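Note that the coordinates shown come from a computational prediction; the quantities given were computed from them, not determined experimentally. Residue numbers start from 1 in every chain, and the chains themselves are labelled A, B, ... in the order their sequence lines are given, proteins ahead of strands.
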Number of protein chains: 2
Amino acid sequence: MKYKILEKPNCEEAYDLVKEGLCKKAMITLFSCCKIIYEGRALSQLDFGERLIIIKPDGSFLVHQEKKVEPVNWQPPKSRTKVNVHDNELFLESYRRTPKERLEVEVKKTLFASYSVAKDYAEIELAGYEKDMGDMIMKKPYLIEEGFKPTAREYSTEHGFIDILGKDYDGNLMVLELKARKAGTNAVKQIKRYLSDFENPENDYLKDLGAEKQKIRGLLVAPSINEDAKELSEKEGIEFVSVTPPKELKNDKKVTLDIFK
Amino acid sequence: MKYKILEKPNCEEAYDLVKEGLCKKAMITLFSCCKIIYEGRALSQLDFGERLIIIKPDGSFLVHQEKKVEPVNWQPPKSRTKVNVHDNELFLESYRRTPKERLEVEVKKTLFASYSVAKDYAEIELAGYEKDMGDMIMKKPYLIEEGFKPTAREYSTEHGFIDILGKDYDGNLMVLELKARKAGTNAVKQIKRYLSDFENPENDYLKDLGAEKQKIRGLLVAPSINEDAKELSEKEGIEFVSVTPPKELKNDKKVTLDIFK
DNA sequence: CGTTGGATCTCGGAA
DNA sequence: TTCCGAGGTCCAACG
């Protein structure tokens, strides 16, 4: 059977349903009054209350309260779920190693329980974040300014990776820090740190980049910038360029291309 | 009615159930073949497949595939859910402002649908992270070393907040950076940044702290440290002290106290 | 494996 | 409201 639903199952019925669901690699849901203990990276306990329990075929284990996007307790994929009955109560246990973590759910009463084998072969297509922004700037450098030429991406320095490195029309070195969302003071400080790498005479970045006697410009590239960051960037001589990450799905492109065939 | 479950509801039945669930501020779950579009901070699309849809009474909207802990699509609390029927298909829409975001779910076929009004008054108690560690060190400074005296917490500097500031037995200034998990190189760099604030003669932190001619010690406090970070800390003269965040629940204490009454 | 860094991060607290 | 940092962050990419 592809799925099963039980209304107010008793302890044994719920046990059988979960067992069957696990065996069939199904999505299992229980709406139950339960008490939860977690032990692992941290430690938590949650007294009895009605919650939605989800066990996924990949081993993920979620307990959702009626508020918030995030589960109140969970276990990551590849965790192992065990089911037991003690004293006419259902116990669900999920554990994993590295790190060692254990979740124990004591189920007092279940309003309904279900399992269902999901057919889902689609993958989400997502666009509109830092990576897309970088791709776009590499392809359309004029979005930064006329004459800008990117020379490197993910350029490694002592203080981390510079998102994009390039040169302006006059050959000056340009250090670009990208943010897909509103930029804060941290982004400005990050650029300052990169620039300090170049200022340090011990480093021979400049020679490597053939920009020994050139000016070095630090640019913050983001859709917008907050007031503090704006102030700081002006004070520190960091330029701000407003660029919004492209929101374009591959499928959209395909569709467009198909239309033009 | 406190809850309702429908097996293979048709479009109108599912519509009525969702409407009723929203009205009653219930947790709503649907296991449906659906297609999803999201527009907002980013942009996404997900073709038809069977997924678990959850609508919470706080306005949160989740769509879970059979893998991962995180939902494939979601809307945060306080979003508004709208339900519609078009051409014998159910449409769920969740939207919010600031930022403007919209999630649209086209439901082709529903295996089962439910709503239930949850009674859950319990709140999770969680222990074992940075805050607990800070509390513990302020209370038991000898865990750092004999003679250590914390003088400030969340001490503000140009480069951010120092977790704990204090003095050693000889009156030297101590800068403590806490990490509840294994510390990496970033933690060491963070301390270096704080120390550079003190070295900068423009700042008068030293005078404020009455430690003008004292040594300044940087300490990384964490349960453990990775190899890279260990190397860097030794090179930079940052000391490492192993402290594990306490895993103690308030309730445990209460229980203990109750027992002793 | 462990490490690194982004995320529609989420969530909570403070200004 | 915005901002900022912690998180059992999760997650994917990379060494």
Please state how far atom NZ in A:Lys78 lies from atom C1' in D:dA12, giving the value in whole angstrom units. 12 Å

Quickly work out the A:Glu123 CD to D:dA12 C1' distance and round it to whole Å. 13 Å

Kindly give the heavy-atom pair with the smallest separation between B:Val117 and A:Glu50, and that separation in Å. O-OE1, 3.5 Å

Please report the shortest heavy-atom distance between A:Ala127 and A:Glu248, naming the atom on each side. CB-O, 3.2 Å

Heavy atoms from other residues, nucleotides or ligands near CD of B:Glu154 exceed 12 (cutoff 6.0 Å): yes

Between atom CG in B:Leu232 and atom P in C:dT4, what is the gap in whole Å? 11 Å

Give a yes/no on whether any side-chain N or O of B:Thr185 is located under 4.0 angstrom from OP1 or OP2 of C:dT4. yes

Taking the same atom, C1', in D:dC10 and in D:dA6, what whole-Å distance lies between them? 14 Å

May I have the distance from A:Glu154 (atom CD) to D:dG15 (atom C1'), rounded to whole angstrom? 15 Å

Between D:dG15 (P) and B:Asn226 (CG): distance, integer Å: 17 Å

Does a side-chain heavy-atom distance below 4.5 Å link A:Leu30 with A:Leu92? yes

Is there side-chain contact between B:Asn73 and B:Pro71, with heavy atoms separated by less than 4.5 Å? no

For A:Phe61, is the NZ or CZ atom of A:Lys56 found under 6.0 angstrom from the centre of its six-membered ring and inside 45 degrees of the ring axis? no

In 5'-to-3' order, the base (B), backbone-only (S) or no-contact (-) status of each nucleotide in nucleotides 5-11 of chain D, using a 4.0 angstrom heavy-atom cut-off, is SSSBSSS

Atom CD1 of A:Ile225 and atom P of D:dT2: how far apart are they, to the nearest Å? 17 Å

A:Lys189 NZ - D:dC4 P separation (whole Å): 8 Å

Could you give the distance separating C:dT8 and C:dT4 at their P atoms, to the nearest angstrom? 22 Å

Roughly how many Å apart are D:dG7 and D:dC11, using the C1' atom of each and rounding to a whole number? 14 Å

Whole angstroms only, please: what is the CG-C1' distance between A:Asp132 and C:dA7? 13 Å

By nearest nucleotide on DNA chain C, pick out whichever of B:Gly40 and A:Thr98 is the more 5' one. A:Thr98

Establish, for the pair A:Lys230 and A:Phe240, whether the NZ or CZ atom is under 6.0 angstrom from the six-membered ring centre and no further than 45 degrees off its axis. no

